[in-house]
Each structure stands twice: as C-alpha cells, then as structure tokens.
Amino acid sequence: MKRVILASASPRRRELLGMLKIPFEVIGADVDETLDPTRPLAEEIENLSFKKALHVFRENMDAIVIGSDTMVVVDETRLGKPKDEAEAKRMLKMLSGRSHEVITAVSIITASGSETFSNRSIVQFYELSEEEIENYVKSGEPMDKAGAYAIQGEGSKYIKGIIGDFYAIMGLPIGAVYHRIIKYL
C-alpha cells in the first residue's frame, strides 16, 4: 500500500482521515494562505488546497498527499480563522440567525497525477444572544476555526440545520476523499 500523507496539522482533519482506517502520516504545510479577492472564491480555496498538497508532495513523491482548506462565506464576506476575540465575536454576530456557505476544497497529488475538488454546504445558525457569543468566545473554541465556530464541538448547539456534507463543514469531505484515493492505493 502506498504511503498516505495528510498535508495539514488540523486535529479535525486528522480525526476525519483516521475514520478511513487507512494508515497515514501528518506533515503540516506551511504555505502563504493569502487569497486573491478578485478571483472566484471556490477557485482560490482549491488553489490553496493544491499549494498545501504540492508543498508536502515535493519532499514525498512516493506518497499520496492530501491537502485541504475550508472557508466560511456570508453575504460574499469571507470568514477565515479569527485573528482575535473581537474578530471572533464580529463573525458570530454576522452568522447569528442566518444561513451561510462553507466551502471545503481538497487536492490529492500522486506521482501518477492530481485532482482537486470542492464541496459546498449550507449551515443555518439559531439567533445568538450577546451572552452566548461572549461565553462561546471565552471558551476558546472559535479561535482556530474558519467562521469562528466548530460544528462538531460546543458550537453545535447554535446550529439550526445543514444542507450538505457534515464532514466537509468540519474540514474534510471524508466520503468524497475515500472514493478518490482508493484508486491510488
């Protein structure tokens, strides 16, 4: 079986890929994550997932390398990871009582080729009180998450519904990844 490498230090992506019961390694990809605001967002996220995978693949050309990135979008506003508590609160206020889109892109690179795809899901939030936002931000959970929430964590109590792939919202559309990598194993 070929080596599989997850080009991400994300504990959530590590957990999700582990669900496949396929041995894999983790090598974080330290790349510039700046997105070009003039280009289509899904394309930019796909490019970033490819950059991450390629960064790791260059030193591991015998492996199957998986790179991924996730972005939350509300009203054409891109919500990445908050820089501080004030930005996390601002993001949560934007999401409160509304629906937003989560785009997760994945790139798979092997010696025999590569493919990149993205998944779009919709998440609807309940209306959040100022106290709920304050307490959630104080918990620390929002600070390293796109859109300042974790659907699989404490943030789950604020989710009214989803349309799409729960695991893609978490950070890796695991079913789609599995069906793409099995041909390379």
Side-chain angles (χ1 to χ4, degrees), residues 6-21 24-35 37 41-42 44-46 48-49 51-52 56 66-106 118-177:
L6 176 62
S8 172
S10 163
R12 289 159 303 285
R13 289 193 180 104
R14 181 181 304 165
E15 174 189 345
L16 291 170
L17 193 56
M19 292 168 57
L20 297 183
K21 304 296 183 203
F24 68 96
E25 304 165 43
V26 174
I27 301 175
D30 186 21
V31 299
D32 178 12
E33 296 194 21
T34 305
L35 300 177
L41 181 57
E44 282 295 283
I45 296 169
E46 288 177 357
L48 184 52
S49 75
K51 277 176 33 177
K52 290 177 178 182
V56 172
I66 302 165
S68 185
D69 199 63
T70 300
M71 180 68 64
V72 172
V73 182
V74 61
D75 292 338
E76 304 295 321
T77 301
R78 303 167 180 196
L79 305 180
K81 297 175 185 175
K83 294 174 182 62
D84 54 32
E85 288 188 359
E87 187 173 34
K89 289 175 189 175
R90 184 183 60 76
M91 288 180 182
L92 291 165
K93 285 177 186 175
M94 286 180 71
L95 299 175
S96 177
R98 309 180 61 200
S99 294
H100 62 273
E101 185 175 42
V102 178
I103 304 170
T104 296
V106 178
S118 57
N119 175 288
R120 293 173 177 260
S121 300
I122 303 294
V123 178
Q124 184 177 15
F125 262 58
Y126 284 104
E127 191 76 36
L128 304 177
S129 69
E130 290 290 329
E131 183 180 7
E132 286 173 317
I133 291 171
E134 185 73 30
N135 289 337
Y136 185 46
V137 171
K138 281 183 184 174
S139 78
E141 185 177 86
M143 300 315 298
D144 68 338
K145 315 291 187 302
Y149 74 94
I151 194 167
Q152 77 283 5
E154 186 182 337
S156 63
K157 65 188 175 189
Y158 306 123
I159 307 301
K160 189 171 187 176
I162 68 168
I163 300 170
D165 185 332
F166 174 82
Y167 298 111
I169 297 165
M170 258 181 89
L172 195 66
I174 201 62
V177 169

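No hydrogens, no waters, no symmetry mates; every other heavy atom, side chains included, goes into these values. Note that the structure is predicted; figures quoted are calculated from it, not measured.
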Practice task
Would you indicate whether the side-chain heavy atoms of Val106 and Pro173 approach each other to under 4.5 Å?
Solution key: yes
Problem - Arg12 and Asp144, any side-chain heavy atoms less than 4.5 Å apart - result: yes
Problem - Lys138 with Glu85: basic N within carboxylate O range, under 4.0 Å - result: no
Completion exercise
The reported gap from CD in Gln124 to CD1 in Ile162 (rounded to nearest 0.5 angstrom) is 11.5 Å
Handout entry: Leu92 CG to Ile133 CD1 distance, which is reported to the nearest 0.5 Å
Key = 5.5 Å
Exercise for the section: Indicate yes or no: at least one non-hydrogen side-chain atom of Phe125 is less than 4.5 angstrom from one of Ile159. Expected result: yes
Exercise for the section: Drop me the distance from Lys52's NZ to Asp69's CG, to the nearest 0.5 angstrom. Expected result: 3.5 Å
Fill in the blank from the handout: Between Val74 and Ser99, the two heavy atoms sitting closest are CG2-O, 4.1 Å
Problem - Backbone of Ala105 reached by a side-chain donor or acceptor of Ser68 within 3.5 Å - result: yes
Problem - Gly155 backbone acceptor or donor facing Glu141 side chain under 3.5 Å - result: yes
Fill in the blank from the handout: Looking only at heavy atoms, the pair that brings Pro142 and Ala88 closest together is CB-CB, 4.4 Å
Exercise for the section: For Ile122, look at atom CD1 and say whether over 12 heavy atoms of other residues, nucleotides or ligands are found less than 6.0 Å away. Expected result: yes
Completion exercise
So CZ of Arg14 and CE of Met19: to nearest 0.5 Å the spacing works out to 16.0 Å
Handout entry: Arg90/Glu87 salt bridge by N-O under 4.0 Å criterion
Key = yes
Problem - Chi angles and distances behind the side chain to side chain donor-acceptor pair (under 3.5 Å) call for Arg13, Thr70 - result: CA-CA 11 Å; Arg13 289 193 180 104; Thr70 300; 3.0 Å; yes
Exercise for the section: Check whether the side chains of Thr34 and Asp32 place a donor and an acceptor atom closer than 3.5 Å, and report yes or no. Expected result: yes
Handout entry: Side-chain donor or acceptor of Ser118 paired with backbone N/O of Glu46 under 3.5 Å
Key = no
Handout entry: Sub-4.5 Å side-chain heavy-atom contact between Ile151 and Val102
Key = no
Problem - Phe166 CZ to Ile174 CD1 distance, which is reported to the nearest 0.5 Å - result: 13.0 Å
Exercise for the section: Work out which heavy atom in Arg98 is nearest to a heavy atom in Met94; give both atom names and the distance. Expected result: CD-O, 3.2 Å
Exercise for the section: Compare all side-chain heavy atoms of Val31 with those of Leu48 and state whether any distance is below 4.5 angstrom. Expected result: yes
Practice task
Look at the side chain of Asp75 and the backbone N and O of Thr77, then say whether any donor-acceptor pair between them is shorter than 3.5 Å.
Solution key: no
Exercise for the section: Let me see the working for Glu130 and Lys89 under salt bridge (Lys or Arg N to Asp or Glu O under 4.0 Å), right down to the final yes or no. Expected result: CA-CA 9 Å; Glu130 290 290 329; Lys89 289 175 189 175; over 6 Å; no
Exercise for the section: Side-chain contact test, heavy atoms from C-beta onward, threshold under 4.5 Å: evaluate it for Tyr167 versus Thr104 and give yes or no. Expected result: no
Problem - Straight-line distance of Lys81 NZ to Met71 CE, nearest 0.5 Å - result: 10.0 Å
Practice task
Take the angle between the ring planes of Tyr158 and Tyr136 and call it parallel below 30°, perpendicular above 60°, tilted in between.
Solution key: perpendicular
Exercise for the section: Report yes if some heavy atom in the side chain of Tyr149 is under 4.5 Å from a heavy atom in the side chain of Met91; otherwise report no. Expected result: no
